Amino acid sequence: MAATAPERSKRSPFIVELYRSALGKKYVMAITGIVGLGYVLAHMIGNLKLYQSAEDFNLYAETLRELLYPIAPEGLVLNLLRGVLILALVGHVVAAAQLTAMNRRARPESYRSKRDYVAADFAARTMRWTGVIVLLFLFYHLADLTWAVTPLHEAGDTVYDRVLNSFNNPASAGFYILANLALGFHLYHGVWSLFQSMGWNNRRFNHWRRTLAVAFTVVVIGGNLSFVIAVLTGVIS
Amino acid sequence: MNLTLRVWRQAGPDAPGRFETYEARDVSPDSSFLEMLDLVNEDLIAQGEVPIEFMHDCREGICGTCGMMINGQAHGPQALTATCQLHMRTFSDGDEIVLEPWRATGFPIIKDLVVDRSAFDRIIESGGYVTVDTNSAPDANLIPIPKETADLAMDAAACIGCGACVAACPNGAAQLFTSAKVAQLNMLPQGQAERYDRAEHMVEVMEEHFGSCTNMGECEAACPKGISIDFIAMMNKDYRKAKFRGRRSA
Amino acid sequence: MTVLDSRVPDGPLATKWEDHKFDMKLVNPNNKRKFEIIVVGTGLAGASAAATLGELGYRVKAFTYHDSARRAHSIAAQGGINAAKNYHGDGDSVYRLFYDTIKGGDYRSREANVHRLAEVSNNIIDQCVAQGVPFAREYGGLLDNRSFGGAQVSRTFYARGQTGQQLLLGAYQALSRQVKAGSVELHTNQEMLELVVVDGHAVGIVTRDLVTGEITRHSAHAVVLGTGGYSNAFYLSTMAMSCNATAIWRAHRKGAFFANPCYTQIHPTAIPSSDEFQSKLTLMSESLRNDGRIWVPKDPDESRAVADIPEQDRDYYLERKYPSFGNLAPRDISSRAAKVVVDEGRGVGPLKNGVYLDFADAISRLGREAVADKYGNLFDMYERITGENPYEVPMRIYPAPHYTMGGLWVDYHLQTTIPGLFAIGEANFSDHGANRLGASALMQGLADGYFVLPYTIGDYLAPQLGQPKVEVTAPEFDEAEAEVRGRIDHYLGVGGSRSVDWFHRELGKILWDYCGMGRNQAGLEKALSEIPALREEFESDVRVLGSAESLNSSLEKVGRVADTFELAELMCRDALTREESCGGHFREEHQTEEGEAQRDDENFAHVTAWEWSGDSASPNEHREALVYEEVQLTTRSYK
Ligand SMILES: Cc1cc2nc3c(=O)[nH]c(=O)nc-3n(C[C@H](O)[C@H](O)[C@H](O)COP(=O)(O)OP(=O)(O)OC[C@H]3O[C@@H](n4cnc5c(N)ncnc54)[C@H](O)[C@@H]3O)c2cc1C
Ligand code: HEM
Ligand code: HEM
Ligand code: SF4
Ligand code: F3S
Ligand code: FES
């Protein structure tokens, strides 16, 4: 009897089909992760204007809003970008939650004796937690700088002022540092991991994956932390 | 040498389990880990206690039957070594050794250190073969296969189905086991016809039983055959392509 | 004593099988699904048979006591598989493979079977490659071969040091495909404990679920046993721990004749045991003999470190005694030669129980890289077990029980003396005579399973078309089940003082001492008195704890060891009866002046097949005469 491949049952649209599987969710994690990577890198680079002057920085924040204006209505492009970011974030978090639930079911009882990990590093084992910290940070960050409703310190009129006020407040600055460290761990594993998840595997470049992850993390987190430190040490004032 | 063992004892699938402490005395450093357990069992039998059940058969590291968590590591501390090939010279006199069964929903405990790994068979049944009836094969040398491909396929094919990858994976994922078979067959010319169906079916059956991979790499470290997580990436790629193809052919 | 009919078809040897395939009765494809077949064992032989029968359309029930069909002992075969492909143009042919196998078996095998084996050997390679078995290849992409003990041509196909694994996985995967397709029902963790015979025909089995303890009856139109060999009778052997003879022994007790039980193969290259608690011996692949040189010091009192022993004080005894085959002399010959030097007190290692297998020359000739490429995993394995690095110090090896040429007697159709009961693979006695050549067991297992049994079983089934299978409610099933339950209750109830393993080890020692590499009348008679005595002790003093309703490995073992006791007696009796030396059977009374085996073709060119008489002390002897039409019986010479 040669019958092997079972009949294909009626298929849902392929995206739905794909997402139904855990591997599909992993692709979502990876692709939304890549969107996030692009954002944090660009955001860090944009923020370098902090080192130029308050005017430049405020202008930059303004320009973002007027991106492609007058071709598109004011704020449209930014809002579109925001939409993509929000979608990506929601996708990333929902997929993460579903996969985590699945993995809990796959090992409901943990080992009674102490596990001795050989390969899984701290970053890999704490993705969920560093992710949650970053998520909490995002809410705070938006409240802090975009909506200007932070409880920790005075807001400020311009974006530049708000950044300075925020980083001059020890609690707020501390949270920024902590969150960026968390993001750092998240990126260190995430950037490497997405190659595996996407199946981008080639023995010629495989050994570069870790290097890339380290480089990316150092650049983004190094940049971000430098702003906080620069404010705290008075380099920017 | 003398050792203290803390062994997980569980009378049956639904019975509660607990650690029991046993002494292993006068163990020869040249003996294998399982021979040490044999000795403990002989003692237990002499005392009228039910011996510890553990899995084993070939005792040569090839059948994949043996396996347990030894001090928090699947197959114990020595890399590239199945439990049966672990020798007591790896331990020191006076050590305490903690033994636990593999733990994963896909591997229910049967008794003591013995688990049920039939989920692996379900994965293979779902596509881990080349469809070729006996007597229908062309001459073996008809299709030359580059040595490099054949060697890589053999690297993947070396999997012994022991389950250490699942046991070691913090997510209880069976990605390494599944990908080893998918990669072996999908790499070879003989496996091309069913390449994408194979990836699709095997992944989906795998996911019915096991967790999902977050690229921890513990599996590779625990694997007695050193199966590489590169194969996981290869499987992920073929699965994605399978879905794209599926969309086109639907 | 009756003379057995091997049902070898007439006609010229070269075309017997092809002609016979045409002559056999066929089951029409649509009718195949009306037949149920039980296959016990999912090793190379069982899995390949079950898969092929399933493909053909039969309804197959396959059984294994393993937790998965992938774990059968076949998985451990390291070296390779022979085939007469002659891909390397070194003069190999079906006839040469046939001839080598007959000669290697010391002229104690059936010509027609061996020729058929050589014929289908090529199909096996084709089949396995198509399944995706990653055989070793050359840079050009074509299949690589190596030469293997006892052959002067390169005809051995291999997959690193894991050939058996890869072939078994291929068969297991083919089987899995049929499981998925619904043509094979696979029962894992099920041990066959009894064969059921109704009106002289095999119709079913009784099994115990090793996990739940449940006893179940299964019936079918035919039963196939592919349950492997019985080397574990020796306790210490290279076999997997759970290998045992229960399936074939139960069949023997139900009327299947047991052929040549004394033909056991002692493999020359196992790692010597390191202490008395050792549970099994590990084989180092015979392929190592291609590049390793075997020697011992000339002086029994040699005390220098290995490296300091100069060439002139080393005895490369195989090269000395057998100049043309040297280190590649067949297994029985190499094993005995090792025993001779160790008995002379020239053994090496802490217990002086081994000989050196030295790679120093190969490493200096080929380079460490090349040696690692060929044997790396074997060297690693050796180091893991012994703690010694074979790149630096020579390996130590010693012979160990490894394979059993004896087994259930089968005719040309692979049918035992019970109609409807077939035996394949190592479980039957068929193709290797008194000694099996390296890389030929895998070949035979797959030949039987893929290419022979699926045809011959049709010849048995065809006339039964329309007859329903016997129901499991038949009284014979009641009896068989009662028998099984009785044994379990008995052993759980003995409440003695010694473990099963203790008895097994003691039994193994007796066999090894008196029915091992060298045998003589006095020793065999001693064994025949000691075994029943030990067995009596076993019956009254064995201790099996735990219950029958859950996983209980002591309970599994006790039944197997009980059967082994009876088999061990038969092995000794057969060895005593065979008053000649041939292949793996070396009767010390029958040797040449140079200490080589001396056959007696006049009186012993036959298969001895034993019939169970109800009492292990007095089995009935039967014979199958071995008629050689094609080859000339000569004295084997590997000098
Ligand atoms: C270490 C080693 C290396 C070897 N290397 C080579 C080599 O390189 N080349 C070569 O040609 N040969 C080699 N051999 C020999 C060869 O591996 C075996 O002869 C061959 O694999 C036997 O296959 P089989 O299918 O007959 O039996 P097995 O593989 O032993 O399978 C037996 C099956 O029967 C089942 N079974 C047994 N009894 C029962 C029961 N009562 N109830 C239910 N199921 C049962 C088992 O579960 C198993 O599935 C080697 C052998 C050893 C020990
Ligand atoms: C700026 C924000 C973020 C970026 C740039 C980011 C980036 C990434 C990347 C690149 C991956 C790897 C994807 C893969 O291998 O498949 C990843 C994985 C993951 N992320 Fe995020 N992430 C972000 C926020 C979050 C948040 C808010 C959460 C959770 C609340 C989260 C949870 C996870 C988890 C659980 C994983 C899976 C780990 C793994 O696959 O190894 N991430 N992230
Ligand atoms: C220390 C480093 C950082 C600085 C100085 C900084 C600064 C800013 C500033 C000035 C804005 C603009 C507010 C506005 O125009 O209203 C902003 C917006 C934002 N930042 Fe940051 N940021 C930092 C780190 C991060 C990190 C690590 C993340 C993500 C994980 C992040 C995510 C965002 C998002 C999502 C917005 C909102 C963009 C929008 O308006 O849609 N920022 N940040
Ligand atoms: S991949 Fe490695 S650890 Fe997993 S089953 Fe195979 S051999 Fe065992
Ligand atoms: S350890 Fe687990 S997370 Fe993936 S890489 Fe291995 S399966
Ligand atoms: S017992 Fe076979 S791999 Fe360990």
Side-chain angles (χ1 to χ4, degrees), chain B residues 11-12 28 30-31 34-35 38-39 42 45 48-51 53 56-65 81 85 87 89 110-111 114 116-118 120-121 124-126 128-135 137-141 144-147 150 153-154 157-158 160-161 184-185 188 190-191, chain C residues 51-52 55 66-71 73 75-76 87 123 125-127 129-132 134 136-143 159-160 162 165-166 169 173-174 176-177 179-180 188 211 240-242 274-275 277-280 282 381 384-385 387 450-451 454 499 501 543 545-546 550-551 553-554:
Chain B
S28 151
D30 284 328
S31 71
L34 297 184
E35 280 162 357
D38 289 341
L39 224 62
E42 285 288 305
I45 295 172
E49 279 185 58
V50 178
E53 291 290 351
H56 66 103
D57 194 20
C58 72
R59 297 206 176 183
E60 300 193 359
I62 189 73
C63 72
T65 311
T81 305
Q85 290 289 81
H87 279 68
R89 62 180 83 86
I110 292 175
K111 190 174 179 184
V114 179
D116 173 358
R117 287 166 294 191
S118 51
F120 273 8
D121 293 325
I124 299 297
E125 283 159 19
S126 69
Y129 46 76
V130 172
T131 295
V132 50
D133 282 351
T134 306
N135 262 321
D139 184 83
N141 254 349
I145 301 176
K147 182 167 163 40
M154 182 62 222
I160 59 175
Q184 177 208 340
L185 298 178
L188 294 171
Q190 288 82 1
Chain C
T52 306
E55 283 166 15
H66 283 102
D67 68 337
S68 161
R70 66 181 295 144
R71 306 211 196 279
H73 166 65
I75 202 134
Y87 280 155
N123 306 9
I125 304 302
D126 299 341
Q127 177 66 22
V129 166
Q131 288 171 344
R137 297 200 173 244
E138 295 169 336
Y139 281 100
L142 300 180
L143 292 160
R160 280 195 203 142
Q162 287 130 277
Q165 178 198 30
Q166 293 311 314
L169 292 181
Q173 288 161 203
S176 297
R177 178 176 148 238
V179 171
K180 179 78 182 182
T188 55
V211 172
M241 299 294 286
S242 50
S274 62
D275 62 43
F277 298 112
Q278 188 128 0
S279 58
K280 77 156 281 189
T282 303
M381 174 159 148
R384 263 200 299 277
I385 294 171
Y450 281 132
F451 299 107
S499 71
D501 283 342
R543 170 181 276 187
L545 301 163
S550 75
L551 187 67
S553 42
S554 310

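Values below: all heavy atoms of this structure, side chains included; hydrogens, waters and symmetry mates excluded. What you are looking at is a predicted structure, and each value in this text was computed from that prediction instead of being measured. Below, chain A is the first sequence line, B the second, and so on; all start at residue 1.
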Heavy-atom distance under 4.5 Å to chain C: side chain of [X], backbone, both or neither?
| X | answer |
| --- | --- |
| I160(B) | both |
| D38(B) | side chain |
| I45(B) | both |
| Q85(B) | both |
| Q184(B) | side chain |

Stepwise salt bridge (Lys or Arg N to Asp or Glu O under 4.0 Å) check, R177(C) with E55(C): CA-CA 9 Å; R177(C) 178 176 148 238; E55(C) 283 166 15; 3.6 Å; yes
Please flag which part of [X] lies under 4.5 Å from any non-hydrogen atom of chain B: side chain, backbone, both or neither.
| X | answer |
| --- | --- |
| I125(C) | both |
| Q278(C) | both |
| D275(C) | side chain |
| Q166(C) | side chain |

Considering only heavy atoms and a distance below 4.5 Å, find which of [options] pairs most often with chain C.
| options | result |
| --- | --- |
| L34(B), L185(B), V130(B) | V130(B) |
| P144(B), A140(B), A137(B), P146(B) | A140(B) |
| G61(B), A11(B), C63(B) | C63(B) |
| I110(B), D30(B), D121(B) | D121(B) |
| T81(B), I145(B), D116(B) | I145(B) |
| S28(B), S118(B), G12(B), G128(B) | G128(B) |

Lys/Arg N to Asp/Glu carboxylate O, K280(C) vs D57(B), below 4.0 Å: no
Check: Q190(B) side chain, G132(C) main-chain N or O, donor-acceptor pair, under 3.5 Å: no
Under 3.5 Å donor-acceptor, R70(C) side chain and Q165(C) backbone: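 It does not hold such a pair.
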No-hydrogen, no-angle side-chain donor-acceptor test under 3.5 Å, S499(C) and D501(C):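 Their side chains do not contain a donor-acceptor pair, so the 3.5 Å distance test is not met.
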Side chains of T282(C) and E60(B), donor plus acceptor under 3.5 Å: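 Their side chains do not contain a donor-acceptor pair, so the 3.5 Å distance test is not met.
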Leading residue by heavy atom contact count with chain B [cutoff under 4.5 Å; candidates R543(C), R71(C), R384(C)]: R71(C)
When M241(C), M381(C), E138(C) are compared by non-hydrogen pairs under 4.5 Å with chain B, the top option: M241(C)
Nearest heavy-atom pair of [X] and [Y]: which atoms, and what distance?
| X | Y | answer |
| --- | --- | --- |
| H66(C) | H73(C) | CE1-N, 4.3 Å |
| T65(B) | R117(B) | O-NH2, 2.8 Å |
| I124(B) | S176(C) | CG2-OG, 3.8 Å |

Note, Q173(C) side chain near Q131(C) side chain (heavy atom, < 4.5 Å):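 Result no, sub-4.5 Å side-chain heavy-atom pair not found.
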Sub-4.5 Å side-chain heavy-atom contact between Y87(C) and N141(B): yes
